[in-house]
K.L.:
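Before I ask anything, here is the structure I am working with.
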Amino acid sequence: MRIRSAASAAVAIAALSAPLLAATPAAAAPHQGGLHFGWVQYDSPGRDTRSNASLNAERVNIHNNTRSTIQLKGYKIKDNTGYTYTFGNHKIGAGKTVQLRTGRGTNSAGYVYWNRGSYVWNNTGDKARLLRPSGSQADSCSWGDGRGTTYCH
């Protein structure tokens, strides 16, 4: 009798825990496609002074995990408010990362600049969207009020 009760309890616990265990892999789902967000620094370190250095400390990393170079022309990054950055003629190499910085600067292979004079990402919660030239979503990354940086996948 005791063995049967223990076995029934074990089956019940397993049945109740299965949905929780099944939800874990979905939260850490692999990237959809080869171009994705790596992390977002949505709150630049220190005081928000709107200096160019502070604006450039607010940044988004986009990673190409394919074996081919990707032309980013026409790709967009958008926030919840509607602020939109559109990539010009910029390529990201296979396995490489490009960082979009909010402030002003000179674009290079690893960095592009939004050339804004004010912050984009909301410190108390926002969502970055990476849109293909067709308008379909390639990736997204969201956060709530937190530590200033979020890792997207």
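These values consider heavy atoms only, across backbone and side chains, with no hydrogens, waters or symmetry-generated copies. The structure displayed is predicted, hence computed values, not measured ones.
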K.L.:
How about Asn123 and Asp48: do any of their side-chain heavy atoms sit closer than 4.5 Å?
P.N.:
yes
K.L.:
Quick check: closest heavy atoms across Thr150 and Ser142, and the distance to 0.1 Å?
P.N.:
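Closest pair (atom of Thr150, atom of Ser142, distance): OG1-O, 4.2 Å.
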K.L.:
To the closest 0.5 Å, what do you measure between CZ (Arg132) and CG (Asp139)?
P.N.:
9.0 Å
K.L.:
Atom CG in Asn56, atom CG in Asn115: separation rounded to 0.5 Å?
P.N.:
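Going from CG on Asn56 over to CG on Asn115, the span is 8.5 Å.
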K.L.:
Going from CD1 on Ile62 to CD on Gln99, what distance comes out if it is rounded to the nearest 0.5 angstrom?
P.N.:
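Rounded to the nearest 0.5 Å, the CD1-CD separation comes out at 8.5 Å.
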K.L.:
Between Trp121 and Trp143, what is the ring plane arrangement, given parallel below 30°, perpendicular above 60°, and tilted in between?
P.N.:
perpendicular
K.L.:
Answer whether the closest heavy-atom distance between the side chains of Tyr42 and Glu58 falls below 4.5 Å.
P.N.:
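No, their side chains stay 4.5 Å or more apart.
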K.L.:
Would you mind reporting whether Leu35 and Leu72 have side-chain heavy atoms less than 4.5 Å apart?
P.N.:
yes
K.L.:
Go through the side-chain N and O atoms of Ser134 and Ser136 and say whether any donor and acceptor fall under 3.5 Å apart.
P.N.:
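Ser136 and Ser134 do have a side-chain donor-acceptor pair below 3.5 Å.
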K.L.:
Looking at CD1 of Ile77 and OG of Ser140, how far apart are the two atoms once the value is rounded to the nearest 0.5 Å?
P.N.:
12.0 Å
K.L.:
With hydrophobic residues grouped by side-chain heavy-atom distances under 4.5 Å, do Leu100 and Tyr113 end up in a single group?
P.N.:
no
K.L.:
Kindly give the heavy-atom pair with the smallest separation between Ala128 and Phe37, and that separation in Å.
P.N.:
O-CE1, 3.5 Å
K.L.:
What closest approach, in Å, do Arg104 and Arg116 show between heavy atoms, and which atom pair accounts for it?
P.N.:
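Smallest heavy-atom distance, with atoms named: NH1-O, 4.0 Å.
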K.L.:
Taking C-beta and beyond as the side chain, do Trp39 and His63 meet within less than 4.5 Å on heavy atoms?
P.N.:
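A side-chain contact is absent here, since even the closest heavy-atom pair is not under 4.5 Å.
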K.L.:
Where is the tightest heavy-atom contact between Gly148 and Gln41, given as atom of each residue plus distance?
P.N.:
O-NE2, 3.3 Å
K.L.:
Is there a side-chain contact between Lys127 and Asn80, using heavy atoms and a 4.5 Å cut-off?
P.N.:
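The answer is yes; the side chains approach within 4.5 Å.
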K.L.:
To the nearest 0.5 Å, how far apart are OG1 in Thr149 and CZ in Arg59?
P.N.:
7.5 Å
K.L.:
Provide the closest heavy-atom pair for Thr102 versus Trp114 in the form atom of the first, atom of the second, distance.
P.N.:
O-CB, 3.3 Å
K.L.:
How many angstroms lie between OG1 in Thr81 and CG in Asn122, if you round to the nearest 0.5 Å?
P.N.:
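It comes to 6.5 Å.
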K.L.:
Could you tell me if the side chain of Ser44 sits less than 4.5 Å from the side chain of Leu55, heavy atoms only?
P.N.:
no
K.L.:
Side-chain contact test, heavy atoms from C-beta onward, threshold under 4.5 Å: evaluate it for Val98 versus Tyr111 and give yes or no.
P.N.:
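Not touching, per the 4.5 Å side-chain cut-off.
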K.L.:
Report all side-chain donor-acceptor pairs from residues 82-91 shorter than 3.5 Å, counting only partners two or more places apart or in another chain.
P.N.:
| unit_1 | atom_1 | unit_2 | atom_2 | d |
| --- | --- | --- | --- | --- |
| Thr84 | OG1 | Gly82 | O | 2.9 |
| Asn89 | OD1 | Gln71 | NE2 | 2.8 |
| His90 | NE2 | Ala109 | O | 3.3 |

K.L.:
Identify the residue among Asn64, Val112, Thr69 that makes a side chain to side chain contact (heavy atoms under 4.5 Å, CB included) with Ile92.
P.N.:
Asn64
